[in-house]
Amino acid sequence: MTIRLVRAHFDPGLYGEIDKMMKKSAVSLVPAMQAQPGLIDYYVAVDRRTGSMIHVSVWETERDADAMTALTPLQKTKAQFEASGLTLDEITNHEVVWSV
């Protein structure tokens, strides 16, 4: 099992705009992500106080997790968020060692 972690940062003053974009993007992203082979779970969380966002997804394999990079609706959304002032950190995949 692999956990894919995407971290992003934005000016906390932009939270209203980022929040609207997140809700709008879910309309196209959720069905596209649900159709991805190997997806177990997907979470998006925001800390509005610090202007940070994380996407945590759980996948059957690292290969499944890596396939997200090429997902067309995700690429379009990524470009829109970056144009609005969101900065993405390096995307990382983590092999699950243990869980509860």
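Below, all heavy atoms of this structure are taken into account, side chains as well, without hydrogens, waters or symmetry copies. The chain is numbered in sequence order, starting from 1. Values in this document were obtained by computation on a predicted structure and should not be read as measured data.
With a 6.0 Å radius and a threshold of 12 heavy atoms from other residues, nucleotides or ligands, M21 has its CE atom above the threshold.
When every heavy atom of L14 is checked against every heavy atom of G85, the shortest pair comes out as CD1-CA, 4.5 Å. Smallest separation of non-hydrogen atoms from V56 and L5: CG2-CD1, 3.8 Å. Minimum interatomic distance between P31 and A26 (heavy atoms only, all atoms of both residues): CD-O, 3.9 Å. Scanning both residues, S52 and T50, for their nearest heavy atoms gives OG-OG1, 3.0 Å.
Taking CD1 from I91 and NE2 from H55, the interatomic distance works out to 9.5 Å, rounded to the nearest 0.5 Å. Rounding to the nearest 0.5 Å places CD of E60 at 9.5 Å from CE of M1. Interatomic distance, CD of E95 versus OG1 of T2, reported as 6.5 Å (0.5 Å rounding). Annotation: the span from F81 atom CZ to E17 atom CD amounts to 9.5 Å, rounded to 0.5 Å. Taking NE2 of H9 as the reference point, atom CG of L88 lies at 9.0 Å (rounded to 0.5 Å). How far CD1 of I54 is from CG of D89: 11.5 Å, rounded to the nearest 0.5 Å.
The shortest distance between side-chain heavy atoms of V46 and I18 does not fall below 4.5 Å. Using a 4.5 Å cut-off on side-chain heavy atoms (C-beta onward), L39 and W59 make contact. Looking at heavy atoms from C-beta onward, Q36 lies out of side-chain contact with Y42 at the 4.5 angstrom threshold.
In the hydrophobic clustering of this structure, M33 groups with M22; members are Ile, Leu, Val, Met, Phe, Trp, Tyr whose side-chain heavy atoms approach within less than 4.5 Å, directly or through other members. Residues V44 and V58 do not share a hydrophobic cluster, defined by chaining ILVMFWY side chains whose heavy atoms lie under 4.5 Å apart. Linking Ile, Leu, Val, Met, Phe, Trp and Tyr residues whenever their side-chain heavy atoms come within less than 4.5 Å places L86 and L71 in a single cluster.
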Given side-chain contact (heavy atoms from CB on, under 4.5 Å), test R49 with Y15 step by step and report yes or no. CA-CA 9 Å; R49 184 182 53 80; Y15 176 76; over 6 Å; no
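Residues meeting the ring-ring contact (aromatic ring centres under 6.0 Å, His included) test with F10, sequence neighbours left out: none. D66 is linked by a salt bridge (Lys or Arg N to Asp or Glu O under 4.0 Å) to R4, counting only residues two or more places apart in sequence or in another chain.
Proximity of a side-chain donor or acceptor of Q75 to a complementary backbone N or O of A70 within less than 3.5 Å is not detected.
Legend: salt bridge (Lys or Arg N to Asp or Glu O under 4.0 Å) pairs involving residues 20-37, not counting sequence neighbours, sorted by first then second residue: D19-K23.
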